[in-house]
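I have placed the structure first, in the form of structure tokens, so that the comments after it can refer back to it.
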Amino acid sequence: MEAYCVKCKTKREFKEGAKEMVMEGKRGSRRVMKGQCSVCGTNMVRILGKA
Ligand SMILES: [Zn+2]
């Protein structure tokens, strides 16, 4: 799965070990994928949708 990396300024694949989790927000909870950029290791978050 890909997400936008702010350091590479482009979309990158997640490093192995990315985790799907639920993030609580003001407008409800959302499912997100959290992991690291496979190229530079920067943390990336991809929003998957409403939980
Ligand atoms: Zn990167």
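Just so it is clear, the values below take in all heavy atoms, side chains as well, and ignore hydrogens, waters and symmetry mates. Numbering starts at 1 and runs along the sequence shown. For ligands, and for the atoms within them, numbers begin at 1 and follow the listed sequence.
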Sequence neighbours left out, cut at 3.5 Å: what donor-acceptor pairs do the side chains of residues 10-28 make with other protein atoms?
unit_1, atom_1, unit_2, atom_2, d
Glu13, OE1, Met1, N, 3.3
Glu20, OE2, Arg31, NH1, 2.8

Check the hydrophobic clustering (I, L, V, M, F, W, Y; side-chain heavy atoms under 4.5 Å; chains of links allowed) and say if Met44 and Leu48 are grouped together.
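As far as the 4.5 Å side-chain criterion goes, Leu48 and Met44 are connected within one cluster.
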So which protein N/O/S atoms does the Zn ion (ligand 1) have within less than 2.8 Å?
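Protein N/O/S atoms under 2.8 Å of the Zn ion (ligand 1): Cys5 SG, Cys8 SG, Cys37 SG, Cys40 SG.
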How long is the gap from CD1 on Ile47 to CZ on Arg30, to the nearest 0.5 Å?
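Those atoms lie 4.5 Å apart.
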According to salt bridge (charged side-chain N to carboxylate O under 4.0 Å, His left out), does anything in residues 34-51 pair up with another residue at least two apart or in another chain? List the pairs.
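For residues 34-51, and leaving out neighbouring residues, there are no salt bridge (charged side-chain N to carboxylate O under 4.0 Å, His left out) pairs at all.
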Please list, chain by chain and in numerical order, all residues satisfying side-chain contact (heavy atoms from CB on, under 4.5 Å) with Lys7, sequence neighbours excluded.
Cys5, Cys40, Thr42
